[in-house]
Protein chains: 2
Amino acid sequence: MCEATAFLLKEKLEEKEESLIMNSVDKIEPEQGGIRLVNIFGEQKFIKGYIHSLSLVDHKIFLKLT
Amino acid sequence: MCEATAFLLKEKLEEKEESLIMNSVDKIEPEQGGIRLVNIFGEQKFIKGYIHSLSLVDHKIFLKLT
């Protein structure tokens with residue numbers, strides 16, 4: 001399976017902080033005011049943010065708040 | 001491996017058009033004015049756009065132009 005882990009990315013000055021949002025993410029779709037994440041178990045999460053970057057071989061998705 | 005295929009998404013009225021941008025995408029990073037795609041072979045492509053949505057179990061990334 002090719003699902004990935006979604007992290008919220010916060011950059012403060014020189015520091016980068018990654019906090020876990022959701023495991024086993026399958027789909028991310030835009031929705032009014034943000035994005036909706038759906039994992040392979042059908043669980044959903046809404047985030048007021050956007051997809052910042054991807055590193056798929058590492059199974060990582062980075063999101064940022066708007 | 002968990003790379004995906006990147007498609008450019010164009011929506012005109014009720015029609016959806018997907019055109020292939022790059023196969024075997026590993027990383028997508030924001031860059032001034034757009035995003036840079038890098039595939040597992042190290043090939044790169046710059047797109048004046050953003051990541052619209054993901055469907056990772058289908059190995060698909062959808063981009064839109066800005």
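Using non-hydrogen atoms only and a strict 4.5 Å limit, the part of residues 30-39 of chain A facing chain B consists of A/Pro30. Residues of residues 21-28 of chain B lying under 4.5 angstrom from chain A, judged on non-hydrogen atoms, are B/Val25, B/Asp26, B/Lys27, B/Ile28 in numerical order.
Residues forming a salt bridge (Lys or Arg N to Asp or Glu O under 4.0 Å) with B/Glu15 (at least two apart in sequence, or on another chain): none. With sequence neighbours excluded, the residues forming a side-chain contact (heavy atoms from CB on, under 4.5 Å) with A/Lys48 are A/Phe46, A/Thr66, listed by chain and number.
Interatomic distance, CD of B/Glu29 versus CG of A/Leu54, reported as 8.5 Å (0.5 Å rounding). In this structure, CG on B/Leu8 lies 11.0 Å from NE2 on B/His52, to the nearest 0.5 angstrom.
Connection of A/Phe62 to A/Leu65 is not established within any shared hydrophobic cluster, with ILVMFWY side chains joined at heavy-atom distances below 4.5 Å, either directly or through further cluster members. In the hydrophobic clustering of this structure, A/Ile40 does not group with A/Leu63; members are Ile, Leu, Val, Met, Phe, Trp, Tyr whose side-chain heavy atoms approach within less than 4.5 Å, directly or through other members.
Contact of the A/Leu56 side chain with the B/Leu56 side chain is registered, since non-hydrogen atoms from C-beta on lie closer than 4.5 Å. In this structure, the side chains of B/Leu9 and B/Glu18 come closer than 4.5 Å at one or more pairs of heavy atoms.
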